[in-house]
Number of protein chains: 2
Amino acid sequence: MTDTRWLDPTEMAAWRAFLSTSHLLERRIEEQLKSAAGLTHPQYEILVRLADAPDRQMRMTELARGVVVSKSALTYQITQLEKAGLVERATCPSDDRGVLAVLTDAGMRCLERVAPGHLEVVRAYLIDRLTRDELETMTRAMSKTEQALRD
Amino acid sequence: MTDTRWLDPTEMAAWRAFLSTSHLLERRIEEQLKSAAGLTHPQYEILVRLADAPDRQMRMTELARGVVVSKSALTYQITQLEKAGLVERATCPSDDRGVLAVLTDAGMRCLERVAPGHLEVVRAYLIDRLTRDELETMTRAMSKTEQALRD
DNA sequence: GCGCGAAAGTTCAAATCTGAACAACAAGTA
DNA sequence: TACTTGTTGTTCAGATTTGAACTTTCGCGC
């Protein structure tokens with residue numbers, strides 16, 4: 001509590017810019033996905049992760065960690081996606097406690113249909129505005145923080 | 001829809017890192033604020049903005065834009081902060097439709113008490129891990145996106 | 001002065017998120 | 001084998017967010 005280390009102008013500018021931008025971009029993405037496919041951003045991320053996974057399936061806990069969401073939120077969202085026919089639950093062969101979330105064919109098609117429009121937003125507002133150098137610096141910077149927070 | 005521009009590995013790495021990091025950091029901050037002061041991150045941001053504003057007061061809409069939250073969410077949060085005695089509502093002299101959110105003395109003291117712990121988290125996971133150069137590059141990159149999204 | 005499109009805040013219903021509590025199972029130890 | 005500790009996924013209650021609908025007020029052109 002003693003001698004607080006405040007942020008100097010450069011640090012403050014960086015933090016403010018990061019904070020505002022992440023929230024603004026999140027809102028824009030949410031809006032695009034909702035209007036284009038009726039999906040939320042977490043739901044879209046779930047589909048992406050599953051599509052990238054071996055056999056298009058993943059354990060619930062691992063998936064929750066990847067998408068950065070609580071276990072209960074994932075339970076809820078997988079149920080929603082199951083109702084929509086995009087994902088199915090399967091029992092885990094190696095662990096009777098476990099549940100596998102599996103991407104269905106319909107889910108894969110949905111993802112392929114939605115991805116272009118989503119990527120266009122990510123490009124238009126972020127990726128395409130940065131130089132190669134800025135992209136790499138950002139990756140390096142973000143990775144440090146991500147690593148530190150994964151504990 | 002024709003010829004989708006996918007993200008190459010460098011672009012994808014940058015986007016993934018940004019996305020995960022912002023969510024992880026958000027969760028960590030939320031946790032710290034909740035346990036240290038019973039505040040949510042949006043609530044804390046409201047106090048910060050008001051403390052920085054002339055006369056410690058701001059119009060609702062302007063405040064909502066600053067914190068990047070919907071008008072209805074701000075209405076809700078200001079009501080919460082009012083119950084806690086940290087903020088008050090005042091009528092706007094120049095516009096009868098308007099409402100001013102005003103930071104109380106208790107609100108200012110609360111902020112001064114909570115800020116150090118909050119900044120420690122921002123430093124520990126983000127700011128202190130970046131070089132001066134990375135900080136500046138990040139600010140430049142984020143500002144481009146922020147600017148593009150403020151429309 | 002009048003009317004009219006735009007803006008400010010609030011209210012409301014619906015959806016979502018989180019943490020705590022819980023039940024079932026795993027894995028290692030005595 | 002029986003115990004103990006930790007993990008997994010779900011359920012539940014409570015808090016929060018969002019967009020749409022609505023009321024009131026501005027600002028302007030006529």
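In what follows, chains are A, B, ... by sequence order, proteins preceding strands, each numbered from 1. This is a predicted model, so every value here is computed, not measured.
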Q: Please list, by residue number, the residues of residues 22-36 of chain A whose heavy atoms come closer than 4.0 Å to an atom of DNA chain D; answer none if no residue qualifies.
A: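 The stretch gives R27(A) as the residues lying under 4.0 Å from the strand, ordered by number.
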Q: Any heavy-atom pair between the side chains of V48(A) and V67(A) that's under 4.5 Å?
A: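 No, their side chains stay 4.5 Å or more apart.
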Q: Is there a donor-acceptor pair closer than 3.5 Å between any side-chain N or O of T145(A) and the backbone N or O of T21(B)?
A: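 No, the answer is negative, given that no donor and acceptor are paired below the 3.5 Å cut-off.
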Q: Quick one: list whatever passes side-chain hydrogen bond (donor to acceptor under 3.5 Å, both in side chains) with Q77(B), sequence neighbours left out.
A: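 Result, side-chain hydrogen bond (donor to acceptor under 3.5 Å, both in side chains) vs Q77(B): Q43(B).
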Q: Look at the rings of H41(A) and H118(A) and say which category their plane angle falls in: under 30° parallel, 30 to 60° tilted, over 60° perpendicular.
A: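 Rings of H41(A) and H118(A): tilted, as their planes differ by 30° to 60°.
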Q: Could I get the full list of ring pair (Phe, Tyr, Trp, His ring centres under 6.0 Å) partners for H23(A), not counting sequence neighbours?
A: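 Here no residue qualifies.
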Q: Under the side-chain hydrogen bond (donor to acceptor under 3.5 Å, both in side chains) rule, what pairs show up with a residue in residues 54-63 of chain A, not counting sequence neighbours?
A: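 Checked against side-chain hydrogen bond (donor to acceptor under 3.5 Å, both in side chains) - neighbours excluded - no pair reaches residues 54-63 of chain A.
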Q: Considering only heavy atoms, which members of residues 46-63 of chain A lie under 4.0 Å from some atom of DNA chain D?
A: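 Within residues 46-63 of chain A, the residues near DNA chain D are R59(A), M60(A), T61(A).
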Q: Under the salt bridge (charged side-chain N to carboxylate O under 4.0 Å, His left out) rule, what pairs show up with a residue in residues 29-45 of chain B, not counting sequence neighbours?
A: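 Non-adjacent pairs meeting salt bridge (charged side-chain N to carboxylate O under 4.0 Å, His left out): R28(B)-E31(B).
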Q: When you check the side-chain N and O atoms of R89(A) and T79(A), is any donor under 3.5 Å from an acceptor?
A: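 There is such a pair between these side chains.
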Q: Set out, in order, the CA-CA distance, both residues' side-chain angles and the distance that settles salt bridge (charged side-chain N to carboxylate O under 4.0 Å, His left out) for R132(A) and E11(B), then state yes or no.
A: CA-CA 9 Å; R132(A) 215 68 191 166; E11(B) 295 169 332; 3.7 Å; yes
Q: If you walk 5' to 3' along DNA chain C, what is the first nucleotide with an atom under 4.0 Å of a heavy atom in chain B, and what is the last?
A: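 With heavy atoms of chain B under 4.0 Å away, the range is dA7(C) to dT18(C).
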Q: Polar pairs (N or O, both sides) under 3.5 Å between protein and nucleotides 23-25 of chain D?
A:
{"from": "dT25(D)", "atom 1": "O2", "to": "R97(B)", "atom 2": "NH1", "distance (Å)": "3.4"}

Q: Indicate yes or no: at least one non-hydrogen side-chain atom of L39(B) is less than 4.5 angstrom from one of L86(B).
A: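 Side-chain contact under 4.5 Å: yes.
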Q: Check side chain to side chain contact (heavy atoms under 4.5 Å, CB included) between A36(A) and all other residues, then give those that pass, not counting sequence neighbours.
A: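 Checked A36(A) against side chain to side chain contact (heavy atoms under 4.5 Å, CB included); matches are Q32(A).
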Q: With distance as the sole test, does R129(B) use its side chain to make a donor-acceptor pair with the main-chain N or O of A148(A) at under 3.5 Å?
A: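 Not a single qualifying donor-acceptor pair exists.
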Q: Can you list, by chain and residue number, the hydrophobic cluster partners of L100(A) when the side-chain cut-off is 4.5 Å?
A: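 Besides L100(A), the hydrophobic cluster comprises V102(A), listed by chain and residue number.
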Q: Whole Å only: how far is the CG atom of L39(B) from the P atom of dA15(D)?
A: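 About 15 Å, once rounded to whole Å.
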Q: Quick one, which residues of residues 68-94 of chain B touch DNA chain D with a heavy atom under 4.0 Å?
A: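 Within residues 68-94 of chain B, the residues near DNA chain D are V69(B), S70(B), S72(B), A73(B), Y76(B), Q77(B), Q80(B).
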Q: Could you tell me which residues satisfy ring pair (Phe, Tyr, Trp, His ring centres under 6.0 Å) with Y125(B), sequence neighbours excluded, listed by chain and number?
A: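 Y125(B) satisfies ring pair (Phe, Tyr, Trp, His ring centres under 6.0 Å) with no other residue.
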Q: Just by distance, do the side chain of T4(A) and the backbone of P116(B) share a donor-acceptor pair under 3.5 Å?
A: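 Not at all, since once roles are kept as given, no pair shorter than 3.5 Å links the two residues.
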